[in-house]
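Reading through the structure tokens given below for one structure.
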Amino acid sequence: MNELITTVNDIIWSYVLMVALVGCGLWFTWRTRFAQFRMVGEMIRLLTESTMSTVKDHARGEKERRVSSFQAFAVSVATRVGTGNLAGVAVAIAIGGPGAVFWMWVIALIGSATAFVESTLAQLYKQKYKDFFIGGPAYYIQKGLKQRWMAILFAILITLQFGLSNNSIQANTICGAMQEAFGWSPIWVGILLATMALFIVFGGIWRIAQVSAVLVPFMAIGYLVLTLVIIVMNYHQIPHVFKIIVLDAFGFTQIAGGGIGAAMMNGIKRGLFSNEAGEGSAPNVAATAVTTHPVKQGLIQALGVFTDTLVVCSCTAFIILISGLYQNTTSSGIALTQSALQNEVGGIGPIFVAIAIFLFAFSSIIGNYYYGEANIRFITSNEKVITVYRICSAGIMVMFGALASFELVWNLVDFFMALLTACNLVAITLLGRYVFRLLDDYRQQKRNGIKEPVFHRSKLPEIENDIECWD
């Protein structure tokens with residue numbers, strides 16, 4: 001069964017998704033006039049000016065507790081910055097060689113435009129639910145494309161992918177790291193993880209957002225500092241590291257992996273698993289943020305792709321390539337990352353990675369859970385169903401991941417990720433024209449001297465009745 005899933009994954013990724021992901025990314029980059037590069041300063045400004053306090057709902061003129069742009073950013077980064085950054089990068093290098101890192105960078109640079117489009121659409125079509133907003137691909141598929149069946153299909157797929165299979169891989173990696181560093185039994189680590197996750201997810205989006213806003217900056221900065229120390233200690237190897245990444249990316253060397261094809265496929269697969277651009281996940285939390293214009297949250301989520309792949313994934317890649325262990329080892333995943341760190345900083349390395357992966361992957365578990373909840377609420381508002389899902393996602397699947405094999409959980413993730421991404425890419429390609437108009441409106445207001453552009457749904461009269469908010 002595991003071999004069959006592997007074969008299907010290779011076919012889908014080799015002949016369909018690589019072309020679709022790169023093609024969509026290039027198209028959105030061109031149509032937004034390279035917004036992900038030209039508007040980096042605006043992205044940083046918007047993020048730094050976002051607050052975590054109670055904000056005013058501009059549409060209704062009433063004060064209510066909301067998820068801020070920074071909190072939405074933190075939750076999305078919490079799901080991005082996880083197993084993919086430590087274990088996924090190691091898998092990509094072990095199978096595809098150093099060149100896989102180059103293709104991870106490429107998919108991040110062009111994929112950030114895709115992330116901008118999908119998150120802007122999520123803001124445009126978001127809906128009011130109780131005292132907060134809810135939205136995502138299922139919502140813009142139903143409202144924008146008028147295809148209820150496709151929206152339900154997406155909602156089911158993302159619940160299977162993030163709420164269930166993704167959480168199993170996060171738990172699997174945490175348990176592997178803890179066993180490698182401390183010799184702890186996966187069973188007991190799994191029980192601890194499930195207990196902590198259940199406590200947080202039963203607190204809803206507020207508790208998830210609050211925990212993520214604390215964990216994400218702490219874990220990212222700590223990991224970045226350690227990497228910078230290692231790079232400074234090995235500064236003379238940096239030119240060589242860049243050289244082997246570029247040469248191997250185009251098949252000029254055969255250091256590891258299976259040439260240019262393996263490098264591309266594994267780089268793009270692991271890059272997508274890590275930054276999630278085009279997968280349709282981040283839009284679910286992007287929709288919860290309160291902002292004055294849909295483009296604002298789109299820009300902030302585009303910045304999240306850069307943060308994940310160009311910063312955190314590159315940290316792991318440099319540690320592994322500097323160590324040189326990827327050439328002569330049977331280790332893969334988190335064990336390779338731990339061995340590389342141990343090679344550079346001694347016995348503290350595996351312990352540091354175990355702690356880092358605990359924070360990285362645990363924040364991903366609670367963020368992944370929310371993606372599933374948002375989409376289950378799209379299908380049904382029955383609280384009993386939500387309760388069952390909470391137990392399955394944060395409890396049963398965490399325990400399954402703690403005990404399942406490494407290969408099985410990764411193959412399941414790749415399979416559902418492929419189906420999910422294909423569904424979302426179709427939707428955002430067909431609806432992208434509204435994002436281009438929103439971006440033109442945002443830029444025009446900025447040129448007119450308006451520091452904080454405001455959007456009203458009357459600016460898109462042909463779909464005004466399909467937009468619930470922004471009145």
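In this chain, residues are counted from 1 in sequence order.
In this view, R437 and E462 satisfy the salt bridge (Lys or Arg N to Asp or Glu O under 4.0 Å) rule, not counting sequence neighbours. Residues that satisfy the salt bridge (Lys or Arg N to Asp or Glu O under 4.0 Å) test with R443, not counting sequence neighbours, are absent from this structure. Considering only residues two or more places apart in sequence or on other chains, V40 meets the side chain to side chain contact (heavy atoms under 4.5 Å, CB included) condition with I44, F306. Among residues two or more places apart in sequence or in another chain, the side chain to side chain donor-acceptor pair (under 3.5 Å) test is passed with R433 by none. Every ring pair (Phe, Tyr, Trp, His ring centres under 6.0 Å) that Y389 has, sequence neighbours left out, goes to Y369. Taking Q444 as the reference, R447, N448 meet the side chain to side chain donor-acceptor pair (under 3.5 Å) condition, with sequence neighbours excluded. Scored by the side chain to side chain contact (heavy atoms under 4.5 Å, CB included) test, L145 finds I141, Q147, M150, A427, L430, L431 as partners (sequence neighbours excluded). With sequence neighbours left out, the ring pair (Phe, Tyr, Trp, His ring centres under 6.0 Å) criterion links F318 to F242. The salt bridge (Lys or Arg N to Asp or Glu O under 4.0 Å) check on E464 picks up nothing, with sequence neighbours excluded. In this view, Y442 and H293 satisfy the ring pair (Phe, Tyr, Trp, His ring centres under 6.0 Å) rule, not counting sequence neighbours. By the ring pair (Phe, Tyr, Trp, His ring centres under 6.0 Å) test, Y139 is found to be paired with F378, residues two or more places apart in sequence or in another chain being considered.
Among pairs with a residue in residues 133-149, those fulfilling salt bridge (charged side-chain N to carboxylate O under 4.0 Å, His left out) read K146-D466, at least two apart in sequence or across chains.
Ion pairing between a basic and an acidic side chain is recognised when a charged N comes within 4.0 Å of a carboxylate O; E373 and R390 show such pairing.
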